[in-house]
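One structure below.
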Amino acid sequence: MYEMINESAAFIRSKIDLEVQTGIILGSGLGNFVDNIRVYKRIPYREIPHFPVSTVQGHKGELILGQINGKGILCMQGRFHYYEGYSMQQVTFPVRVMKQLGVKLLIATNASGGVNPDFKVGDIMFIKDHINLMPNPLIGPNDERLGTRFPSMSTIYDKDILVKAENMAKRMGIAYREGVYLGTSGPSFETPAEYRFFRTIGADTVGMSTVPEVIVASHSELKVLGMSVISNVFREETIVDCTHEEVLQGVNKAGNSMSLIVEQLIKELDF
Ligand code: HPA
């Protein structure tokens with residue numbers, strides 16, 4: 001895998017010579033984030049050697065290299081989900097490439113379902129911790145060049161950056177939550193008993209992404225900031241079917257605020 005990562009990174013470097021410090025995975029709802037950055041290059045995933053090939057029709061898959069205030073960023077517009085049938089190594093491959101390209105901080109965003117009854121659709125939550133109920137992406141032989149065999153996960157979400165981002169949201173008058181994200185494979189949404197179970201074991205939200213990528217980011221010694229838009233909320237008293245359309249609508253409400261926070265944060269980071 002090490003050679004594959006190097007080849008992907010070399011290809012991207014051959015397209016554009018830009019130093020990048022921050023990698024961003026744009027989840028549902030953050031699609032318009034790229035409207036506000038200075039874009040230098042868009043590279044479709046299918047052109048990048050060893051990148052997973054998308055089999056889903058209409059799947060937006062582009063790596064966007066650009067700058068905010070002179071700071072190099074690399075955005076993934078479109079991510080790979082385990083439920084699509086990719087292996088965990090494929091799902092997390094782009095994070096390995098980011099590391100190879102010099103990224104120091106990964107900002108991973110997503111849409112998730114609220115299991116904390118105080119949460120509302122359209123809320124933004126900073127992820128302070130997670131529960132992984134998917135297969136671990138580090139299963140298999142460990143290449144010490146990529147990271148250690150038994151990485152600690154106790155400080156996976158960088159405290160300093162989290163505090164910085166929250167202070168920024170406060171200053172910008174953007175309300176936010178902080179909580180625990182639970183990662184599950186999907187693609188089916190939860191049964192009422194599962195939502196209840198997830199709440200009981202300490203989750204605030206549940207989603208089908210992010211956890212594999214941030215585990216690999218941490219294995220690669222990247223700093224991580226995780227952000228979630230609450231697209232739907234489980235309520236005991238009014239159990240309704242969760243649908244993909246509902247999720248997309250819920251996300252639209254908060255995408256702009258999340259974009260603003262990420263943009264401002266990158267401007268103020270000292271790397
Ligand atoms: N469950 C799992 N994943 C999700 C949900 C949910 O309710 N909402 C958005 N992604």
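No hydrogens, no waters, no symmetry mates; every other heavy atom, side chains included, goes into these values. Everything quoted here is computed from the prediction, not taken from an experiment.
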Indicate yes or no: at least one non-hydrogen side-chain atom of [X] is less than 4.5 angstrom from one of [Y].
X	Y	answer
Lys99	Val216	no
Leu265	Leu225	yes
Met1	Asp143	no
Glu190	Phe197	no
Tyr82	Pro212	no
Lys120	Ile230	no
Ile215	Thr92	no
Asn116	Thr205	no

- Item | Intermediate values then yes/no, side-chain contact (heavy atoms from CB on, under 4.5 Å), Val95 and His219 | CA-CA 10 Å; Val95 178; His219 185 241; over 6 Å; no
How long is the span from the [atom1] atom in [X] to the [atom2] atom in [Y], to the nearest 0.5 Å?
X	Y	atom1	atom2	value
Ile43	Phe11	CD1	CZ	6.0 Å
Ile174	Met258	CD1	CE	11.0 Å
Lys15	Ile48	NZ	CD1	9.5 Å
Met168	Lys164	CE	NZ	7.5 Å
Gln77	Ile64	CD	CD1	4.0 Å
Leu63	Leu101	CG	CG	8.0 Å

- Task: For the pair Glu166 and Lys170, find out whether any cationic side-chain nitrogen is under 4.0 Å from an anionic carboxylate oxygen.
- Result: no
- Query: Are any of the side-chain nitrogens in Arg171 or Glu268 under 4.0 Å away from the carboxylate oxygens of its partner?
  - Reply: yes
Just by modelled atom types, is the [Y] backbone N or O under 3.5 Å from a matching donor or acceptor in the [X] side chain?
X	Y	result
Glu84	His81	yes
Lys71	Ile266	yes
Ser228	Ala111	no
Arg177	Asp118	yes
Glu178	Phe126	no
Thr148	Pro151	no
Ser152	Ser154	yes

[X] versus [Y], closest heavy-atom pair with distance:
X	Y	result
Met98	Ile24	CE-N, 4.2 Å
His50	Ser8	CB-OG, 3.8 Å
Leu18	Gly66	CD2-O, 3.6 Å
Ala203	Val115	O-CG2, 3.2 Å
Arg199	Pro117	NE-CD, 3.7 Å
Thr109	Thr210	O-OG1, 4.2 Å

- Message: Hydrophobic clusters here meaning ILVMFWY residues chained together by side-chain heavy-atom distances under 4.5 Å, can you tell me if Val163 and Leu269 are in one?
- Response: no
- Task: Apply side-chain contact (heavy atoms from CB on, under 4.5 Å) to the pair Tyr83 and Ser209, showing each step before the final yes or no.
- Result: CA-CA 9 Å; Tyr83 63 73; Ser209 68; over 6 Å; no
- Not counting sequence neighbours, list each pair that qualifies as a ring-ring contact (aromatic ring centres under 6.0 Å, His included) and has a residue in residues 141-169. His130-Tyr157
- Task: Classify the ring geometry between Tyr45 and Phe80 as parallel (under 30°), tilted (30 to 60°) or perpendicular (over 60°).
- Result: tilted
Has [X] got more than 12 heavy atoms of other residues, nucleotides or ligands less than 6.0 Å from its [atom1]?
X	atom1	result
Asp17	CG	no
Arg145	CZ	yes
Glu19	CD	no

- Query: So, Phe198 versus Phe234, ring centres under 6.0 angstrom or not?
  - Reply: no
- Is there a side-chain contact (heavy atoms from CB on, under 4.5 Å) between Phe33 and Ile73 once you walk through the steps? CA-CA 12 Å; Phe33 175 73; Ile73 57 175; 4.3 Å; yes
- Query: Can you list the steps and then say if Leu105 with Asp158 is a side-chain contact (heavy atoms from CB on, under 4.5 Å)?
  - Reply: CA-CA 9 Å; Leu105 165 70; Asp158 188 275; 5.8 Å; no
- Message: Exactly one of Thr184, Leu182, Val211 should register a side chain to side chain contact (heavy atoms under 4.5 Å, CB included) with Asn132. Which one does?
- Response: Val211
